[in-house]
Colleague: 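Here it is, the structure, as structure tokens.
To find a chain, count down the sequence lines: A is the first, B the second, and so on, and within it residues start at 1.
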Number of protein chains: 4
Amino acid sequence: MTDQPVSTELTTRRRDPEARPQQILDAAFHEFGDRGLAGARLDDIAKRAGVAKGTIYLYFPNKEALFREMVRSTLIAAIATAEARRDEAGPNDSAEALIRQLGAGWWAFLRTERVLTLHRLVTGELRQFPDLMAFYAEEVIARGRQLVSGIIARGVQRGEFRAIDPLVAARMYSALWMSHATWVNNRELHPSLGHDAQILDEMLDFYLHSLRPSV
Amino acid sequence: MTDQPVSTELTTRRRDPEARPQQILDAAFHEFGDRGLAGARLDDIAKRAGVAKGTIYLYFPNKEALFREMVRSTLIAAIATAEARRDEAGPNDSAEALIRQLGAGWWAFLRTERVLTLHRLVTGELRQFPDLMAFYAEEVIARGRQLVSGIIARGVQRGEFRAIDPLVAARMYSALWMSHATWVNNRELHPSLGHDAQILDEMLDFYLHSLRPSV
Amino acid sequence: MTDQPVSTELTTRRRDPEARPQQILDAAFHEFGDRGLAGARLDDIAKRAGVAKGTIYLYFPNKEALFREMVRSTLIAAIATAEARRDEAGPNDSAEALIRQLGAGWWAFLRTERVLTLHRLVTGELRQFPDLMAFYAEEVIARGRQLVSGIIARGVQRGEFRAIDPLVAARMYSALWMSHATWVNNRELHPSLGHDAQILDEMLDFYLHSLRPSV
Amino acid sequence: MTDQPVSTELTTRRRDPEARPQQILDAAFHEFGDRGLAGARLDDIAKRAGVAKGTIYLYFPNKEALFREMVRSTLIAAIATAEARRDEAGPNDSAEALIRQLGAGWWAFLRTERVLTLHRLVTGELRQFPDLMAFYAEEVIARGRQLVSGIIARGVQRGEFRAIDPLVAARMYSALWMSHATWVNNRELHPSLGHDAQILDEMLDFYLHSLRPSV
DNA sequence: AATGAATGAGTATTCATTCAT
DNA sequence: TATGAATGAATACTCATTCAT
């Protein structure tokens with residue numbers, strides 16, 4: 001508050017040595033995200049991290065390990081964020097209200113730079129890393145679907161929604177939200193897209209319409 | 001007729017020179033599809049194409065040009081296939097019947113090795129090639145959506161479908177079909193998926209439900 | 001005379017097959033002259049000769065042989081030209097007149113594209129070909145010097161010139177003429193040079209001054 | 001003093017990093033000098049310099065840049081040497097004495113390995129590098145001629161030399177000295193050449209004879 | 001004889017990885 | 001710990017040479 005000493009922030013060296021790995025992972029996230037595993041250069045990662053090339057090897061045995069760890073940690077961070085969101089939902093709300101609430105949350109979440117990049121990497125490069133794939137599948141996909149399918153199941157039970165397999169409905173949800181998140185990230189390719197809030201409305205409208213009992 | 005030399009097939013030299021570019025493009029499709037632009041090795045492409053490394057350079061000035069041309073030609077082939085499908089639909093059928101018909105067609109089309117690889121490349125590497133992106137956007141995405149939105153518009157007119165923006169509905173269609181196509185290609189990650197025919201039913205059911213007028 | 005058939009000149013093929021080697025050697029002369037032995041490309045030589053790449057190999061076993069033969073034949077042509085000039089000199093003229101006459105002849109000869117290129121190749125690449133070097137030394141250098149030293153010797157005998165070793169004087173002659181020929185070919189580097197005729201006068205004046213008896 | 005580790009010299013790593021560029025340039029000088037720009041191999045340059053191939057790229061962006069820089073630096077070194085020589089001349093000596101003095105100096109200088117190689121490169125390859133050519137022309141040629149022409153002008157003024165354009169005379173001087181330097185470097189081709197000291201005498205005798213007033 | 005597509009050894013250049021400081 | 005110069009294996013690209021036609 002008062003007169004902090006001429007900031008150690010100015011020099012990268014020796015600033016908070018425990019932060020080094022994270023610094024590197026952050027830089028790696030951007031470079032790998034932009035150019036892929038093969039295309040990214042350790043030199044650039046080091047430069048972006050404000051660290052010498054050799055320093056990376058103090059924390060990660062090689063490029064591939066750095067990539068893996070970067071994906072892992074980003075994944076974990078993403079999961080944590082998503083998790084935090086889950087508990088915001090009031091358990092007494094209607095299923096539709098919950099879907100709306102969750103829909104808005106995921107819509108914000110999925111359009112995040114971090115998540116979009118992760119998604120690109122997953123579809124692009126993760127086939128070479130089956131274990132990371134499995135991790136992604138279990139921790140992210142399955143977990144997300146359970147959340148949604150839980151809500152749907154309750155809605156079906158309550159008669160709010162028509163009889164539909166909650167897992168199937170959860171899959172449709174993923175499909176709509178993830179696809180649109182990707183598209184808004186490449187608006188040049190999809191000029192007919194409205195603004196983000198409007199898209200969310202369109203998805204919710206479409207999705208809920210399909211779930212409502214057809215009288 | 002009698003006495004034709006059998007050996008002609010033994011050597012690549014001079015055997016069917018017009019086939020060479022396509023041969024190379026096919027090999028490139030697989031290697032680039034597996035490892036991406038940076039990861040693929042010209043050497044492997046040559047080996048797979050059954051030609052010498054230098055031969056590639058007889059037809060393509062460099063690796064990037066080969067990549068571009070491979071994407072372009074695959075795209076064009078994909079468009080042609082999709083195009084052919086369009087005209088199969090009988091114009092007097094109900095909109096729902098058309099959607100079902102088209103839905104089955106695209107479901108088969110999108111799960112094609114060629115299309116899946118293309119999709120992976122588009123999401124993974126095409127950001128580095130804005131012109132290819134534009135080509136993809138105009139020729140593939142826009143074209144496909146027009147086809148679907150035309151059907152929807154007719155359904156809305158006829159009162160078969162509820163009032164919905166046909167372009168929006170077309171987007172929802174893309175989202176469902178493309179996402180599921182990607183997923184069935186990675187079944188390890190999505191163990192809850194049923195068999196392909198079942199998934200198509202699930203999608204059609206979900207999609208049409210949302211379009212039907214809510215009495 | 002009348003109505004010659006649509007000129008065979010138009011197509012390179014089949015036009016005077018015995019001329020092929022010379023055609024190739026001419027093209028080689030230019031390409032090697034411009035880019036040196038290593039820098040020249042057989043492809044370009046073939047193109048310039050209006051011949052397919054493979055054709056070169058019908059007449060020359062490889063690139064180096066082509067280079068050697070090109071140098072040899074150019075050398076021989078150059079020698080023949082120089083030789084022809086020798087006999088023009090009237091044997092009864094004064095030594096000074098002969099020097100002037102020869103000086104003008106060599107001045108024209110040395111500034112020839114062919115000779116200049118030859119000279120460049122000799123200084124640049126010929127160290128790798130000792131036998132060509134020897135050939136050059138004996139046939140060109142020695143021969144030229146003998147011609148000059150013969151004239152000088154007669155001039156000394158007659159008292160027209162001071163007592164000087166005719167071979168030494170011949171060397172000085174070479175030095176002046178060859179250096180200036182190189183320089184006028186690179187006038188950008190030697191902006192103080194006058195026009196060609198003037199340079200010849202300067203050289204003759206300087207040269208003869210040194211040979212005249214100092215009373 | 002006592003006990004200094006001897007081993008430091010054993011490895012190239014980290015041994016005197018500032019010396020690396022010069023080390024490489026020296027090696028480049030020899031390889032380019034022997035085989036020309038196209039003929040020299042980076043691999044050989046590295047080997048001769050005692051470094052790994054990659055190390056070259058730490059200091060020079062590519063082969064051509066290495067070539068340019070090698071020529072430039074050699075040129076500069078040559079100019080420095082020549083410059084140093086200029087000031088040795090005592091200003092009160094006769095013009096003839098100065099010419100003799102300078103003549104001996106340049107004779108030694110031009111026969112230097114460094115200068116001979118430079119000359120070969122200039123005539124052989126420098127046409128592809130107009131800017132280097134210009135540099136050479138201005139810094140080396142023009143500079144050298146001014147030095148000589150200054151002496152001649154003084155000699156003419158004093159009546160020591162006949163009336164001759166000093167720049168022309170300086171050119172004749174270059175022609176004699178440079179040609180002979182080249183020749184003694186290829187004695188096989190010029191078997192009639194005497195030993196070096198004798199040649200110098202021959203040149204001085206010939207040159208001064210031409211400058212002396214013809215009574 | 002002539003062609004030019006095909007070959008593959010050769011070379012410049014890049015970049016992950018090491019290591020002396 | 002941290003550095004960044006040095007390494008050398010890997011790879012894109014070139015071009016002399018071959019050979020089926």
Colleague: Between the base of F/dT3 and the side chain of A/K53, is there any donor-acceptor pair under 3.5 Å?
Modeller: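 Not at all, since no donor on one side and acceptor on the other fall under 3.5 Å apart.
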
Colleague: When both hydrogen-bonding distances must be under 3.5 Å and the geometry is Watson-Crick or G-U wobble, what is F/dC19 paired with, if anything?
Modeller: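 Base-paired to E/dG4.
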
Colleague: Quick one: pull up CG in D/L118 and CE in D/M70 and give me the separation to the nearest 0.5 Å.
Modeller: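 The CE atom of D/M70 is 8.0 Å from CG of D/L118, to the nearest 0.5 Å.
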
Colleague: Hey, which of these two, C/A52 or D/G54, hits DNA chain E nearer its 5' end, going by closest nucleotide?
Modeller: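 Between the two, 5'-proximity favours C/A52.
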
Colleague: Tell me: CZ of C/F60 to P of F/dT18, nearest whole Å?
Modeller: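 For the pair C/F60 CZ and F/dT18 P, the rounded distance is 16 Å.
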
Colleague: Strictly below 4.0 Å: does A/Y59 bring a side-chain N or O up to OP1 or OP2 of F/dA2?
Modeller: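 Affirmative; the distance criterion is met.
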
Colleague: At less than 4.0 Å, is any side-chain N or O atom of B/R20 found next to OP1 or OP2 of E/dA6? Yes or no.
Modeller: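 So the side chain of B/R20 is within the cut-off, an N or O lying under 4.0 Å from OP1 or OP2 of E/dA6.
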
Colleague: Is it possible for you to check whether A/R72 lies under 6.0 Å from the centre of the six-membered ring of A/F135, through NZ or CZ, and within 45° of that ring's axis?
Modeller: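 That pair qualifies as a cation-pi contact.
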
Colleague: To the nearest Å, give me how far apart CD (C/Q23) and C1' (E/dA2) are.
Modeller: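 Rounded to the whole Å, the gap is 12 Å.
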
Colleague: Check the distance between F/dT1's C1' and A/I56's CD1 and give it to me in whole angstrom.
Modeller: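 Value for this atom pair: 15 Å.
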
Colleague: Hey, is C/R48 close enough to C/E31 for a salt bridge, meaning N to O under 4.0 Å?
Modeller: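 So C/R48 pairs with C/E31 through a salt bridge.
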
Colleague: Taking any heavy-atom pair under 4.0 Å as a contact, classify A/L58: base, sugar-phosphate, or nothing.
Modeller: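 Base contact.
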
Colleague: Where each residue is assigned the nucleotide of DNA chain E containing its nearest heavy atom, which of D/L37 and A/P61 is assigned the position nearer the 5′ end?
Modeller: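 Going by which nucleotide is closer to the 5' end, it is D/L37.
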
Colleague: Base, sugar-phosphate, or nothing: which does C/A40 touch, judged by heavy atoms less than 4.0 Å apart?
Modeller: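 Sugar-phosphate, backbone atoms only, no base.
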
Colleague: Assign each of A/T55 and B/A38 to its nearest nucleotide of DNA chain F by heavy atoms, then name whichever residue's nucleotide is nearer the 5' end.
Modeller: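 The answer here is A/T55.
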
Colleague: Do other residues, nucleotides or ligands put more than 12 heavy atoms under 6.0 Å from the CZ atom of D/R35?
Modeller: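 No, not enclosed.
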
Colleague: B/D44 has an atom CG; how far is it from atom C1' of F/dA12, in whole Å?
Modeller: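 B/D44 atom CG is separated from F/dA12 atom C1' by 13 Å.
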
Colleague: Is the phosphate of E/dA12, meaning OP1 or OP2, less than 4.0 Å from a side-chain N or O of D/K63?
Modeller: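 The answer is yes; a side-chain N or O of D/K63 sits under 4.0 Å from OP1 or OP2.
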
Colleague: For D/F32 and E/dT11, what is the distance between atoms CZ and P respectively, to the nearest whole Å?
Modeller: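 These atoms are roughly 14 Å apart.
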
Colleague: Rounded off to whole Å, could you give me the CG-to-P distance for the C/N62 and E/dA9 pair?
Modeller: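 Distance check: C/N62 CG to E/dA9 P gives 18 Å.
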
Colleague: Rounded off to whole Å, could you give me the OH-to-C1' distance for the D/Y57 and F/dA9 pair?
Modeller: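 About 15 Å, once rounded to whole Å.
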
Colleague: Kindly state whether the ring of C/F67 and the ring of C/F60 have centres lying under 6.0 angstrom apart.
Modeller: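 For C/F67 and C/F60, the ring centres are not under 6.0 Å apart.
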
Colleague: Roughly, in whole Å, what's the span from CG in A/D43 to P in F/dA6?
Modeller: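 Going from A/D43 (CG) to F/dA6 (P), I get 15 Å.
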
